[in-house]
Amino acid sequence: MRNYQRKTQRPSADRNLRVTFTRREQIDVEKVAEVLIRVVLREAGTGTQAGQAGTRLRALLSSER
């Protein structure tokens, strides 16, 4: 698995996901990407679209190069 440096603090993995919308002129793309990656990896293996994306992402991150 690739190492990467977190841009935000890591919440516990077993809590419910809460999404809050705040209108902004500019967004922090790194934080948004990190949240999306965390969500799909947590859902990996489920039958949902997020779960399928997580399974694919996990395979990409763990593949031998």
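Worth knowing before you read on, the calculation uses all heavy atoms, side chains too, and leaves out hydrogens, waters and symmetry mates.
Of all the heavy atoms in Gly54 and Ala44, the pair that sits closest is C-CB, 3.6 Å. Ala53 and Val40 make their closest contact through CB-CG1, 4.2 Å (heavy atoms, listed as atom of the first residue, atom of the second, distance).
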Quiz: residues 24-33 side-chain donor-acceptor pairs under 3.5 angstrom, not counting sequence neighbours:
residue, atom, partner, partner atom, Å
Asp28, OD1, Glu30, N, 3.2
Asp28, OD1, Lys31, N, 3.4

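Among residues two or more places apart in sequence or in another chain, the side-chain hydrogen bond (donor to acceptor under 3.5 Å, both in side chains) test is passed with Thr48 by Thr46.
Between the CG atom in Leu41 and the CG atom in Leu57 there is a gap of 4.5 Å [rounded to 0.5 Å]. Rounding to the nearest 0.5 angstrom, the gap separating the CD atom in Glu43 from the CZ atom in Arg38 is 13.0 Å.
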